[in-house]
Structure formats: C-alpha cells, structure tokens
Amino acid sequence: MHDPAVAFRRAFASEPDGVWAAPGRINLIGEHTDYNDGFALPIALPHTLTVAAARRSDGRVRMRSREFPDTFEARTADLSPGTVPGWAAYPAGALWALAEEGYGIGGMDLLVESSVPAGAGLSTSAAVCCATVLAATGLYPPGTDPAGVARLAQRAENAFVGMPCGIMDQSAVMLATEGHALSLDCRSLETGQVPFDPSAHGLALLVVDTRAPRRLVEGAYAERRRSCEEAARALGVRALRDVTVEELPRALDTLTDPVTRRRLRHVVTENARVLETAALFRAGRPREAGPLFTASHVSLRDDFEVSVPEVDTAVEAALASGALGARITGGGFGGCVVALVDAELARDCGEAVRAAFGERGYTAPAVFAAPPSSGARRLA
Ligand code: GLA
C-alpha cells in the first residue's frame, strides 16, 4: 500500500512529524443552496488526499505535491493573497488564514498526495485546505474543532484563492461520518448525522465522473451567487433561505427579470428537496429519494443553468437503465453525476452511461461506487 511517510522521506530526505487525511465529497442533494443560507446533504468519499508534514525551525514553508511538478517555497510570514500561483495557493491560503486568525504557525515541509480525481468537482480544494489546517495545527498546537477547521479552510478559498464558495464542501470534508449523510444548515451551521447506508437497502450510490472539460467555472459560479443576492435584496429577505415553497408564487410575481426568477425557483425548491430527502433517510426509506434527485437535476439544468451536455447525457442514460434517481452534483459546468441505483443494476447502469458517451463521441467517463465514508482525520 502507498505510504505517505515514505513519499515524504523521498521528497524531503527527512521524517514527517505526522500525516493527515481529508476526503473528497459528493453532495447528495442541496446544490447552490449553501451561499443562500440553505440546506445541503453531502457525504464524504472513500477517496482521500493526504498531507504529510514536518516542522521547520527557520520559519519557511516548502510544499510539494505528487500531482504537480513544481515546488513552492516561501517564508510563512510572507504569504499573502495574490502571491502564490497554481495548486500551492490552496495550502498556502490555509496557512495564511491561520495566521490572520492569530494561530502561531511556524515553518514546515508539506507533501500533498491525492487519490481524489482532480478537476471533477469532488472538492479536492476543500480537502487540501482542511488537511493543511489540520497538519499545521497538529504541528503547532492548539488546533480548533472540526467546524472551526472548515471555516478556516473556507476563508482560505474565499480570501486567498478568490473563489467565493459557501461552507458545504469544507463541512462535508470535516464532519461527514461513515454510513451517514451530513445534514447541514448553512445559516445556523447546525449539523446532523443522517443514517445512509445504501448497501443495507440493496442500493448503490454511483458516481459518474463525466471528465467533461469544466468551463467558465469560477466566473459563472460568482455570477449565480450575485443573482441570488440580488433576488434576496429585491424580496427584502436576508437570504433566499427565507423564502418558503408556499411563498414562492408570490415571490416569483415580485421579481421581473426572468433569469433571477429561475434562480430563485431553484433555490427555494432545492431547499425543500433536501429536507424531504433527509426525512426519507431518517425514516429508513432512501429508495424513495430517487425522484427528488432527478427533480434536483431538472431544476439545476433548467432553472439554475449549470449543467452541460455530457452531464445531461449521464443522467438520462442512468435513468433509462433503471436508476431510481440521478443528478448533477457539485458546482456544475462539468464534473460529476450521482445516481441512486438498485445494487443489482449498478453494473448495467455504469455500462449504459459508458455506451451513451461512446455514441456521442465524448471522452469515456469514470464510474465508481461511493459508500458514505469518514471525514478528515490524523493517520500517523
Ligand atoms: C461548489 C462550492 C460549494 C457549493 C457548490 C454548489 O462546490 O464550493 O460551496 O456552493 O459548488 O452546491
């Protein structure tokens, strides 16, 4: 088995003081709701990213990654937004966020390795930020609780990398547990563990990494977020979370711009679908969540307009082969589809998606099962 400590020794010719792991995540439902103070229901993936780290006494930080050839090196005190290019901006941002909040973090060597498929919308960025906060506070205690780590990691992405993401990814990475989905209220930051063990119900959760080139991701994400904020202002509410399904028809009448109306309709109906899905899981009826997954996809495709043809093809092929429900997951504009399938149909479903991609000449997708797994932890 691959050992991050061995890889660290090879990279830095010294021993690591510790190894930390953070998983990728799949959001089951509740998309583009987090920055609207709404609800989400993610799980952690079995795939993890590790950070092996050792203290340095000279106040310098050196970062290497198995996935990228370039090494980044600087004084920790010199890290500031806009100064760190490429992949290293994420771990550097995590160290910067800690310094901004008064954590006394000294120098260190960091080796990042990942088995989370990159660029697929599975939150490698949240994983690397969270694992770096854990490593840095592990080397230089005291640390903070998992929700505090999530918040610091979000700050790194928002203020250092410049991605205006919500708190869903980081919360999943830090707080998800095996055999559960994480119910998340993005206003109160209250979380709950909702039992979700697909195999115990004869089900499988399939992830299709469409490998579609992710287009326009950051600009379009920021633009969606702005529309939601404008809608909230126009409706006189703090966030779109404050509009209920019952109030939706009147709220839609209040807005004049058709695009803003569609964005509003997605967020309000999506929040309701999250609560319904969590209730079905709690009642031990996860199969019945399938149609909610599919309704979420339709809403993200038509009202929030974040899907792409490859993603729609994967959803349609999965449903045609008997999936109970399927939807785009993550920020969109490419990325992954998540499907809830009868375990015995899982293989056929994967084959059907591959065949549909072949017919259209798309790059072959990667299909894998995603049992709900553990959040971030120290490995050694
Ligand atoms: C990205 C962001 C999250 C969330 C999702 C959409 O993953 O990082 O904060 O907004 O998109 O649900």
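Indexing begins at 1, ligand by ligand and atom by atom, following the structure's order. Sequence positions, counted from 1, serve as the residue numbers for this chain.
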Worksheet item: Would L41 and F196 satisfy side chain to side chain contact (heavy atoms under 4.5 Å, CB included), going step by step from the backbone distance to the final call?
Response: CA-CA 11 Å; L41 194 67; F196 179 51; over 6 Å; no

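- The pair R262-D302 does not meet the salt-bridge criterion, since no charged nitrogen lies less than 4.0 angstrom from a carboxylate oxygen.
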Item to complete: Decide yes or no on side-chain hydrogen bond (donor to acceptor under 3.5 Å, both in side chains) for D312 and S307, but give the supporting numbers first.
Response: CA-CA 7 Å; D312 292 335; S307 193; 2.7 Å; yes

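- None of L182, L205, T277 except one satisfies the side chain to side chain contact (heavy atoms under 4.5 Å, CB included) rule with L28; the exception is L205.
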Ligand 1: protein N/O within less than 3.5 Å of ligand N/O:
residue, atom, partner, partner atom, Å
ligand 1, 7 (O), R25, NH2, 3.0
ligand 1, 7 (O), D169, OD1, 3.3
ligand 1, 7 (O), D169, OD2, 3.1
ligand 1, 8 (O), D169, OD2, 2.5
ligand 1, 9 (O), D34, OD2, 2.5
ligand 1, 9 (O), G166, N, 2.9
ligand 1, 9 (O), Y221, OH, 3.4
ligand 1, 10 (O), D34, OD1, 2.8
ligand 1, 10 (O), D34, OD2, 3.4
ligand 1, 10 (O), Y221, OH, 2.6
ligand 1, 11 (O), G331, N, 3.4
ligand 1, 12 (O), E31, OE2, 2.7
ligand 1, 12 (O), H32, N, 2.7

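- Residue V298 shares its hydrophobic cluster (ILVMFWY side chains chained together at separations under 4.5 Å) with no other residue.
- Taking the six-membered ring where the residue is Trp, the centroids of Y221 and H32 are separated by under 6.0 Å.
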